[in-house]
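One structure is given here, and the rest of the page talks about it.
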Amino acid sequence: MSEEMHEYIDVSGARVHNLKNIDVQIPKNKLVVITGISGSGKSSLAFDTIYAEGQRRYMETFGAYARQFVGDMERPDVDKITGLSPVISIEQKTTNKNPRSTVGTITEVYDFLRLLFARASEAYSYNTGKKMVKWSEEEIVENIYNRFDGQKVSLLAPLVRGRKGHYRELFEDIRKKGFVKVRVDGEIVDLTPKMQVDRYKIHDIEVVVDRLKVSDDFRVRISQSVQQTLRLGKDLMFIDTEKNGLVSYSKQLMCEDTGLSYEEPSPNAFSFNSPYGACPTCKGLGNVYTIEMESIIPDGKLTVKEGGIAPLGGERDASVYQQVTAFAKKYKIKLDVPVEKLSKEHLDLLLYGDKNINPSLEIDVNDDTVPQEYTGSYEGIIPMLKRWFSSTHSTENLREWVAGFTTLKTCSSCNGARLRKESLWFKINDRNIAELSEQNLDNLAAWFDGLELRISNKQATIAKDVLKEIRERLQFLLDVGLTYLTLNRSSRTLSGGESQRIRLATQIGSQLQGITYILDEPSIGLHQRDNHRLIEALKNLRDVGNSVLVVEHDKDIMLAADHLIDVGPQAGKHGGQIVSAGTPNDVLQSKSETAQYLNGGKTIAVPKERRKGNGKFIELKGANGNNLNNVSTKFPLGKLIVVTGVSGSGKSTLINETLYPILSKYCYDSKTNPMPYKSIKGLEHIDKVIEIDQSPIGRTPRSNPATYCGFFTEIRTLFAAVPEAKIRGYNAGRFSFNVKTGRCDVCEGGGMRVIEMNFLPDVYVHCEKCNGKRYNRETLEIRYKGKSIADVLDMTVEEAVEFFQAVPYLYRKIKVLEDVGLGYITLGQSAVTLSGGEAQRVKLSTELAKKDTGKTFYILDEPTTGLHFQDIQHLLEVLNKLTDRGNSVLVIEHNMDVIKVADHIIDLGPEGGDGGGQILFEGTPEELINCKQSHTGRFLKTEL
C-alpha cells in the first residue's frame with residue numbers, strides 16, 4: 001500500500017441517519033473541524049459513522065469467547081472507511097453523576113496528591129497541635145506504666161487491616177506459634193483448628209500476645225511482650241483496656257503529651273472513598289441529610305390532632321396515629337393543646353420516643369439508636385423518619401416523602417473536608433490535603449511552584465517524582481482554561497463543556513500517538529478570552545501525532561482549523577451533504593450558510609433601539625454563594641437580560657443557585673434552598689418562573705418530543721375518532737405505545753430492544769417483530785389521511801406542520817417546534833438521541849405553546865450550545881417574541897451574537913474562581929464596551 005493511501009481517513013457512501021450517500025476525505029494528523037447547521041448531519045458523520053466504525057473494529061479484535069458477552073456491534077450504514085486509526089471520543093454526555101466523583105479523582109491529580117501526603121507529609125497531634133515524634137520500645141513501655149498502672153490490659157498485634165479473605169492459613173500459623181486468642185473485627189475469640197472468616201467481608205484481625213495487669217512485678221514480662229507485639233504488628237500495637245477502650249502505640253508517630261498515636265499513613269488514609277480515610281459521620285461525602293425542625297413543626301399554633309407535627313398528619317384512622325394516641329395516654333401528653341404549649345419533655349417524647357433518646361437530627365445510616373426494622377410499638381417521629389430514609393426496604397416514594405422534611409447540610413464532623421480527623425493533621429508546608437483540594441487550580445499550581453525550597457531536603461527527595469506528575473497534570477488542566485475549578489469540585493456540578501475539557505486534558509496527559517480523537521463542541525461554556533487556550537490544547541494533541549476531529553460552531557475554532565468540512569445545506573432531510581471542504585479560506589469562498597456568516601455576508605442584526613422594560617425590578621442584595629463576593633444587582637423586568645463573564649466568574653451561582661431557587665420558592669413554594677443572600681425585593685411583579693436548561697427531556701428511548709410537548713395525546717384522540725377505529729371500539733389508549741392493547745408485544749412499545757453490555761453502555765437494536773414501529777398490526781391498520789400512527793411518529797416536524805394544518809389546536813403546538821428551528825427532528829425521535837441544545841429548544845417550544853401571563857420570568861442557561869449562526873438567529877426571534885409580550889427573559893451566555901442584542905447586560909468577573917464573583921458592569925452593550933476591566937467588553941467592541 002502506498003503512503004498516500006494512509007494520508008486520509010476515506011469515508012465512502014455514508015448513509016447513517018440523514019447522510020445522503022456522501023464521500024469525504026479527512027486529512028490525518030490535522031485539526032479538522034466539522035461544522036454546519038444543527039441537525040445537518042455533523043454528529044452522524046463524526047460519531048455515528050467514523051467513531052462507531054472504529055469502535056466496532058476494536059470489538060472485532062476480541063476473541064469469539066469475549067465477544068459472546070459483548071454481542072456484535074451493528075455496522076454503520078457506510079460502504080467503506082479506509083485509513084482509520086484507533087478512535088477515542090470525548091463527548092459531553094458522559095459526566096459521572098456519582099457524588100464521590102470529583103475533579104481530583106477524574107484527573108488522577110488527587111491520587112498523586114494522596115501518594116505525596118502518604119510519603120512526604122509531617123504528622124501533628126489533633127489534641128495539642130504539636131508535631132508527632134517516633135518512639136522507641138522503652139518509651140512505649142514507660143508510657144504504658146504512666147497511663148495504665150494497676151489496670152488489666154491485653155496486648156494486641158495487628159495482622160490484617162481492612163482486607164477481604166478467609167485467612168485460614170494465617171489462623172493456623174499463629175496457632176502453631178502458641179497463641180491462643182485472636183481479636184476478629186473487635187471481638188476476642190479462642191483460636192480453634194481450621195478456623196476461618198467470611199472471605200467476602202472486610203476484616204481486622206489482631207493476635208492477643210499477652211493479657212496481664214500493669215504492675216511493677218511484671219515489668220520484664222511487659223517489656224518482652226511489647227517487643228514481641230511490635231515485631232508481629234510491624235511496629236504497630238494496640239492495647240485493649242477496661243477504662244480507655246482501644247489505644248494504639250506505634251514506633252512510627254506518637255504525641256508525647258497525650259499518648260495519641262497515628263498509624264504510618266498510606267494513600268488510603270487520604271481517600272474519602274476508603275473506610276480508612278473517609279469521615280465516619282458523612283462516609284466521605286462531605287454532606288449529611290439533616291431533619292429540619294421547621295418542616296416537622298411548620299406551625300406551632302396547631303395541635304397534634306390538627307396536624308401540628310407535619311409527618312404525623314391530622315387526626316385519622318391510621319395505625320401510627322393510634323400508636324401516638326396510646327403513647328400520649330401513657331405519658332399524659334395532651335394532643336389537643338397547641339404544639340408550642342407542650343412541655344419540652346412531652347414534645348421530646350413525641351419526637352424521639354421513650355428509649356435511647358438521640359436528639360441528633362443528622363441521618364446516619366450506622367446510628368445504633370435508629371431502629372433497623374419496625375418493632376410494632378411507637379418509636380418516635382424522628383427515629384421513624386430516619387428508619388424510613390435509611391432502610392433499603394423503603395420505596396422510592398416513601399424516601400422522597402421523608403426527604404421533604406430534610407435538608408442537605410455540610411457534615412459537622414469534617415466541615416465538608418470528607419476525611420477523618422487524623423488524616424487532616426498530616427501536613428506539607430502547613431497545608432493539609434483538604435485545604436489544597438479547596439484551592440483554585442491556578443492557585444494550587446502556584447503553591448506547588450518551588451515547593452522543594454519550602455520543605456526539608458528529605459521530603460523534597462521523596463516527593464521529587466510525584467511532584468513532577470502533579471505539576472504536569474495541573475498544567476494540562478490550566479491549558480484548557482479550567483483555572484477556576486478546584487480538585488474537590490463534585491463532577492456532577494460540572495457543565496458538559498467543563499467535563500469534556502477535563503477529559504481532553506487527561507488525554508493530552510496520556511501522550512498517546514496515532515489516535516483519532518473526536519470531540520463534540522469542546523468550546524461549550526468557554527468565554528472568548530479562554531478560547532485560544534483550548535485551540536492551543538487541540539493543536540498540542542495534533543502535534544504529538546494524532547488526528548483531531550472537532551464538531552464545532554465556534555468561529556475562532558473554525559478559522560484555526562487545518563481543514564474545515566461544512567455539512568448541509570439545511571437540517572434534517574434537507575441536509576446530509578458535504579457543502580464545502582478544504583482550508584478555512586477555501587470554505588469562506590463558498591456560498592454556504594456557514595461561509596456567509598463567517599465572511600460577514602450575513603450577520604445577526606443589532607436592534608435599532610433597546611427595550612425600555614416596564615420600569616419594575618427584582619433587586620437581589622448580598623449574594624454570597626460559592627465565590628460571589630457580597631453581590632447586589634437589579635434585574636429589570638420586561639427586558640432581554642444577558643448575564644455574562646469569563647468561565648467560573650459566578651454566573652451559574654448567581655442565577656441557577658441563588659435567583660432561580662428564590663423565585664421558584666416564591667412562585668411554587670418549592671423546597672430547593674438558595675445559596676446565601678441578604679434580601680430580595682420586587683417578587684410581586686412576577687407570577688411564573690421557568691428555567692429551561694439542557695438536561696435531557698427523558699432518559700429512555702420511550703420519551704420523545706411528541707410525548708414531552710403533550711400533543712401526542714391529541715394525536716391519539718384524533719386517531720380514535722377515525723370511523724374505522726370507532727367500529728373496532730378502539731379508544732385513545734389503544735394508540736399509546738405504553739398501553740398493552742395496542743403496542744407490539746415483543747418490544748412492549750419501545751421499538752427497540754435493549755441488549756445489556758456487561759462492561760459497556762447498553763446497545764439498542766430494532767425490534768424484529770414490529771421493525772421499530774412500536775405497535776401491533778391491528779393498531780397500524782387504522783389510518784388518518786392515509787397515515788398510520790407509526791407514520792405520524794416518523795414524520796419530521798416540518799412534514800407534520802403541513803399534515804395537521806387543518807387541525808388548529810395541533811397545528812399551533814407543532815408549529816412552535818418549527819419556529820425554534822427544530823423542523824428537522826421527527827415527532828417520535830428518541831429523547832436519548834437529542835443533543836443538549838435540541839432538548840433545550842424542545843422545552844422552549846413547550847413553554848411557548850402555553851399561554852403566558854406577561855409576567856413570566858424565563859431563565860435560559862447557554863441556549864446557543866450546539867447551535868449554528870442561523871439557528872441562533874431563530875432562537876433570538878423566539879426570545880424576542882417572549883420579551884415583546886411583556887415577559888422577562890434572562891440568558892446566561894458567552895456568545896457575542898446574543899450579548900450584542902441584549903437590552904441589559906450584567907457582566908461578572910474580572911476573572912474566574914477566587915478572582916471573580918464581582919459585578920463589573922450593568923447596562924446596555926454600547927456602554928459595556930467602555931468598561932476597561934471587562935473581558936466581554938473587549939470582544940464585544942468588534943461586534944457592534
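Note that these values count all heavy atoms, side chains included, but never hydrogens, waters or copies made by symmetry.
Under the 30°/60° scheme for interplanar angles, the aromatic rings of Y110 and F272 are found to be tilted.
Of all non-hydrogen atoms in R431 and L436, the two that sit nearest each other are CB-CD2, 3.9 Å. Residues T658 and I662 share a closest heavy-atom pair of O-CG1, 3.1 Å. The minimum heavy-atom distance between T410 and G416, with the atom names listed, is CG2-N, 3.4 Å. For T483 against N440, the heavy-atom pair with the smallest separation is O-CB, 3.7 Å. Residues G509 and F476 approach most closely at CA-CE1, 3.2 Å, considering heavy atoms. The two residues S250 and L253 come nearest to each other via the heavy atoms OG-N, 3.5 Å.
Here E108 does not pair with R114 in a salt bridge; the nearest charged N to carboxylate O distance is not below 4.0 Å. Taking the charged nitrogens against the carboxylate oxygens, K458 and E122 have no contact shorter than 4.0 Å, which rules out a salt bridge. Checked for salt-bridge contact, D430 and K427 miss the test: no charged N lies under 4.0 Å from a carboxylate O. Between K634 and E922, no side-chain nitrogen of the basic residue sits less than 4.0 Å from a carboxylate oxygen of the acidic one, so the salt-bridge criterion is not met.
Side-chain contact between L534 and D556 is absent, with no heavy atoms from C-beta onward closer than 4.5 Å.
Evaluation of the side chain to side chain contact (heavy atoms under 4.5 Å, CB included) rule for K30 yields P27, V32, D562 as partners, not counting sequence neighbours.
Rounding to the nearest 0.5 angstrom, the gap separating the CD atom in E536 from the CG atom in D543 is 9.0 Å. Here CG of L474 is found 11.5 Å from CD of E469. Values are rounded to the nearest 0.5 Å. Note that CD1 of I428 and CD of Q459 are 6.5 Å apart. Values are rounded to the nearest 0.5 Å. The CD atom of E927 lies 12.5 Å from the OG atom of S934; values are rounded to the nearest 0.5 Å.
Not one N or O on the side chain of S121 forms a donor-acceptor pair closer than 3.5 Å with the backbone of A118. Looking at S632, its side chain does come within 3.5 Å of a backbone N or O of G622 through a donor-acceptor pair. Listed for the S664 side chain is no donor-acceptor partner under 3.5 Å among the backbone atoms of P661. Proximity of a side-chain donor or acceptor of N546 to a complementary backbone N or O of L512 within less than 3.5 Å is detected. Between the side chain of D907 and the backbone N or O of F921, no donor-acceptor pair lies under 3.5 Å. Checking side-chain atoms of R489 against main-chain N and O of T493 turns up a donor-acceptor pair under 3.5 Å. A distance-only check finds a donor-acceptor pair linking the side chain of S547 to the backbone of N29 [under 3.5 Å]. A donor-acceptor pair is defined here as one N or O able to donate and one able to accept, closer than 3.5 Å; no such pair exists between the side chain of R418 and the backbone of N287. Checking side-chain atoms of N432 against main-chain N and O of A434 turns up a donor-acceptor pair under 3.5 Å. For the pair T644 (side chain) and E893 (backbone), a donor-acceptor distance under 3.5 Å is present.
Aromatic pair F426/Y124: ring centres not closer than 6.0 Å.
Screening residues 262-274 for side chain to side chain donor-acceptor pair (under 3.5 Å) gives R100-N273, R161-E263 as the qualifying pairs, with residues at least two apart or on separate chains.
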